[in-house]
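Each remark here refers to the structure printed beneath this line.
Keep in mind the model is a prediction, meaning the values are calculated, not measured. We use all heavy atoms of the structure for the numbers below, so side chains are in, but hydrogens, waters and symmetry mates are not.
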Amino acid sequence: MEREGLEWIGAFLRLLVSWGASSAMIFGGVVPYIPQYRDIRRTQNAEGFSIYVCLMLLIANILRILFWFGHHFESPLLWQSIIMIVTMLLMLKLCTEVRVANELNPKRRSFTASDSKDEEFKTHPKRCFLDFDTAFFWHWSRFIDYVQCVLAFTGVTGYITYLFLDSTLFVEILGFLAVFTEALLGVPQLYRNHQNYSTEGMSIKMVLMWTSGDTFKSAYFVLNQAPFQFTICGLLQVFVDIAILLQVYIYSAYPQKPVSHTTHATSAKAL
């Protein structure tokens, strides 16, 4: 009787750990963006966050969902993709609203004394997805344009996947593209920091959560024998996260340009 009780307790604990790991996998991916979202709302400044991070995550998770139809993997990973897509759309909505509001703010508009009255009422031209202007790709003026782009991409890739779903080679390539895109998630932020020679405006909490989350995710993939593409994705993400953390140290210890405090007096990120 005692042995059966211990076995029952052991089984219950294993089930509890399994549920905890699955919940962490489903919701852990979006947690790093909570401090970044709050910082953008608080400072009304989205310049430190690269919206190309949202683009890469949207592409990666849409492809991952399509990959599921050809190669079923664990449900927590599928739900993670769905929740991540919703989160990235929310991030895009906030960043677009903040950027457009700042463009229309008279205090941020430069004009000369001779034509100040005319310039004061000028607005930036609206940039739309349906203009198909590559110069302004992913820098549109309305949130609905990002939604249209995501729906168009989903429709095209979904139709192609439907046509080639019986091809094992196509399905495996699709899975590799999904995880490889996600593996390069931090590259836009890495490049933006390099361009600015600064990490000002980027939430350090977000990057630390990226690193811890990607480390946990890589271990989860290995222990649960997920498709090999997922393991590769996790390891590459950890390397990129470490590179961004190195940028934080280098640009803080050896600043290469003075940090402006006049334009965004409240833009310093809460650490």
Side-chain angles (χ1 to χ4, degrees), residues 5-41 49 53-94 150 154 174-176 178-186 189 202-242 244-245 270-271:
L6 291 175
E7 289 179 353
W8 185 87
I9 294 174
F12 176 76
L13 289 176
R14 286 194 295 271
L15 180 63
L16 194 63
V17 170
S18 176
W19 275 93
S22 297
S23 300
M25 181 56 61
I26 294 172
F27 299 103
V30 304
V31 171
Y33 299 96
I34 295 176
Q36 183 71 72
Y37 186 92
R38 294 179 61 186
D39 284 347
I40 293 174
R41 281 183 64 96
F49 177 73
V53 170
C54 300
L55 173 63
M56 297 188 73
L57 272 175
L58 286 168
I59 292 175
N61 285 281
I62 290 170
L63 293 179
R64 186 198 285 186
I65 292 174
L66 295 176
F67 176 56
W68 181 87
F69 288 98
H71 186 158
H72 282 32
F73 46 81
E74 289 192 332
S75 297
L77 298 178
L78 179 64
W79 280 107
Q80 181 197 52
S81 293
I82 296 172
I83 293 174
M84 183 62 75
I85 289 172
V86 174
T87 302
M88 289 302 102
L89 290 175
L90 290 175
M91 288 291 297
L92 276 174
K93 185 175 185 297
L94 176 64
V150 170
T154 304
L174 183 66
F176 177 78
V179 297
F180 185 72
T181 304
E182 185 177 355
L184 299 179
L185 160 67
Q189 191 67 56
M202 181 193 72
S203 173
I204 310 300
K205 288 181 180 178
M206 179 185 71
V207 182
L208 289 173
M209 290 181 181
W210 274 357
T211 307
S212 58
D214 291 337
T215 302
F216 169 80
K217 185 167 60 176
S218 300
Y220 181 90
F221 291 154
V222 173
L223 294 175
N224 288 274
Q225 298 180 342
F228 75 94
Q229 296 100 324
F230 289 86
T231 304
I232 296 174
C233 159
L235 294 175
L236 284 176
Q237 282 182 294
V238 171
F239 288 134
V240 175
D241 295 341
I242 293 174
I244 295 177
L245 289 175
L271 303 182

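Ala178 approaches Ala60 most closely through the heavy-atom pair O-CB, 3.4 Å. Minimum heavy-atom separation, Leu184 to Met56: O-CE, 3.2 Å.
Looking at Gln237, its side chain does come within 3.5 Å of a backbone N or O of Glu182 through a donor-acceptor pair. Using a distance-only test at 3.5 Å, with no hydrogens or angles considered, a donor-acceptor pair links the side chain of Arg64 to the main chain of Leu77. At least one donor-acceptor pair under 3.5 Å links the side chain of Ser218 to the backbone N or O of Gly234.
Other residues, nucleotides and ligands contribute at most 12 non-hydrogen atoms within 6.0 Å of the CZ atom of Phe180.
Between atom CE of residue Met91 and atom CZ of residue Phe49 there is a gap of 3.5 Å, rounded to the nearest 0.5 Å. Taking SG of Cys54 as the start and CD1 of Ile85 as the end, the distance is 12.5 Å to the nearest 0.5 Å. Note that CD1 of Ile26 is 9.5 Å distant from CG of Leu78, once rounded to the nearest 0.5 Å. Going from atom OG1 of Thr215 over to atom CH2 of Trp210 covers 13.5 Å, rounded to the nearest 0.5 Å. Note that the CG atom of Leu94 and the OH atom of Tyr37 stand 5.0 Å from one another [nearest 0.5 Å]. Distance check: Thr211 OG1 to Phe239 CZ gives 12.5 Å after rounding to the nearest 0.5 Å.
Here the options are Leu236, Leu235, Val238, Ile242, the test is side chain to side chain contact (heavy atoms under 4.5 Å, CB included), and the partner is Asp214; only Val238 passes. Across Leu63, Val150, Thr87, Val53, a single residue satisfies side chain to side chain contact (heavy atoms under 4.5 Å, CB included) together with Leu58, and that is Val150.
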Please step through side-chain contact (heavy atoms from CB on, under 4.5 Å) for the pair Phe67 and Phe73, ending with a clear verdict. CA-CA 9 Å; Phe67 176 56; Phe73 46 81; 3.6 Å; yes
Does Leu208 form a side-chain contact (heavy atoms from CB on, under 4.5 Å) with Leu245? I'd like the steps, not just the answer. CA-CA 8 Å; Leu208 289 173; Leu245 289 175; 3.9 Å; yes
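Using a 4.5 Å cut-off on side-chain heavy atoms (C-beta onward), Leu89 and Lys93 make no contact. Within the 4.5 Å cutoff, side-chain heavy atoms of Met88 are placed close to those of Tyr33.
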